[in-house]
Amino acid sequence: DLWVTDGTIAGTHNLKEFNIVFFTDFVREGKAIAWNNKFYFAAVPTGGNSNNDESLWVSDGTVNGTVRLNDLADYERPKHFTVFNGALYFVAYSNSSYGNKLYKTDGTELGTSYLALSNNTSSVSPYSIATDGNYLYLAADNITYGAELFRYDGTSYQCDVSDGVS
């Protein structure tokens, strides 16, 4: 469940019900972040889909302002929410390509899309991301390099940042 509070008992209430989310996965996989005065999180709504596949939600702290940001037909299981260059990035499973992709959002459904990280030979399938403020780092696999550390500057990515060290 999603709760809100103003810091008092009287001002604490349940905002919306969701299916069970395992807290350890929620924290370990970075499935929640506060950004631009809103709360972004991965969850399955109560009465949701049969696979319990999480989708991306955003809340401004009100019932009407708590909405799903994506259709499960596009992607599911978003995680590793990371703010970089004024946008929110995350890894999610793409239902069209059957693999993990890097996504970027401005906080709206129309402003959310996956980034086609590929060169002439293969695409990158990230499983974790982090930033140092200058670059977005992706722990990812691809056919050419295998499991490597990749660096993304907001427009292009550099393969094999770890220089072949796995």
Side-chain angles (χ1 to χ4, degrees), residues 2 18 20-44 49 51-61 66-166:
L2 181 62
F18 290 93
I20 296 171
V21 175
F22 294 103
F23 183 72
T24 54
D25 289 344
F26 201 70
V27 173
R28 183 180 61 235
E29 295 183 352
K31 294 182 177 184
I33 193 168
W35 176 63
N36 277 353
N37 296 317
K38 294 185 180 177
F39 182 62
Y40 295 81
F41 59 101
V44 179
N49 60 71
N51 295 329
N52 281 332
D53 290 325
E54 297 167 328
S55 54
L56 179 59
W57 288 78
V58 60
S59 178
D60 64 3
T66 303
V67 296
R68 186 178 1 218
L69 201 58
N70 74 299
D71 182 350
L72 281 174
D74 299 328
Y75 61 87
E76 58 193 54
R77 300 187 300 263
K79 58 186 177 181
H80 302 297
F81 299 145
T82 305
V83 176
F84 174 67
N85 279 355
L88 180 61
Y89 289 79
F90 58 95
V91 173
Y93 181 82
S94 168
N95 289 315
S96 61
S97 65
Y98 306 106
N100 284 345
K101 298 286 184 190
L102 179 64
Y103 289 81
K104 175 183 177 180
T105 185
D106 64 3
T108 66
E109 185 175 357
L110 290 176
T112 304
S113 62
Y114 89 92
L115 301 173
L117 299 178
S118 64
N119 55 25
N120 294 334
T121 57
S122 64
S123 63
V124 173
S125 180
Y127 44 86
S128 184
I129 59 175
T131 186
D132 66 358
N134 297 313
Y135 296 98
L136 190 65
Y137 294 93
L138 298 82
D141 289 320
N142 84 359
I143 294 170
T144 304
Y145 300 100
E148 296 285 348
L149 180 63
F150 296 84
R151 183 171 71 189
Y152 177 70
D153 65 7
T155 57
S156 63
Y157 77 98
Q158 176 185 352
C159 302
D160 203 15
V161 169
S162 58
D163 201 19
V165 178
S166 295

Summary of side chain to side chain donor-acceptor pair (under 3.5 Å) pairs that have at least one residue in residues 80-94, sequence neighbours excluded: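 Every pair satisfying side chain to side chain donor-acceptor pair (under 3.5 Å) with a residue in residues 80-94: S94-S96, S94-S97.
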How long is the span from the [atom1] atom in [X] to the [atom2] atom in [Y], to the nearest 0.5 Å?
X    : Y    : atom1 : atom2 : answer
S125 : L138 : OG    : CG    : 10.0 Å
E148 : D141 : CD    : CG    : 9.0 Å
L88  : D106 : CG    : CG    : 10.0 Å
D153 : N134 : CG    : CG    : 10.5 Å

Close aromatic pair by centroid cut-off 6.0 Å: F39 and F41: yes
Determine, using ring centers only, whether W57 and Y40 are less than 6.0 Å apart.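 That pair fails the under 6.0 Å test.
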Applying the side-chain contact (heavy atoms from CB on, under 4.5 Å) criterion to Y137, which one of I129, D132, T131 satisfies it? D132
Going by heavy atoms in the side chains, are V83 and I33 under 4.5 Å from each other?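 V83 vs I33: side chains touch.
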Donor-acceptor under 3.5 Å (Y152 side chain, G154 main chain):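 Yes; at least one donor-acceptor contact below 3.5 Å.
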Does the N100 side chain pair with the main chain of Y127, one donor and one acceptor, at a distance under 3.5 Å?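 Checking the backbone N and O of Y127 against the side chain of N100, no donor-acceptor pair under 3.5 Å is found.
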Not counting sequence neighbours, which residues clear ring pair (Phe, Tyr, Trp, His ring centres under 6.0 Å) with Y103? List them please. Y75, F90
Could you list the residues that satisfy side chain to side chain contact (heavy atoms under 4.5 Å, CB included) with D60, not counting sequence neighbours? K38, T62
Could you list the residues that satisfy side chain to side chain contact (heavy atoms under 4.5 Å, CB included) with V67, not counting sequence neighbours? V58
Which heavy atom of [X] sits nearest to which heavy atom of [Y], and what is that distance?
X   : Y    : result
P78 : E54  : CD-O, 3.5 Å
A87 : K104 : CB-CE, 3.7 Å
L56 : F81  : CD1-CZ, 3.6 Å

The side-chain hydrogen bond (donor to acceptor under 3.5 Å, both in side chains) partners of N36 (sequence neighbours excluded) come to none
Looking at residues at least two apart in the chain, or sitting in another chain, which of them share a side-chain hydrogen bond (donor to acceptor under 3.5 Å, both in side chains) with N37? none
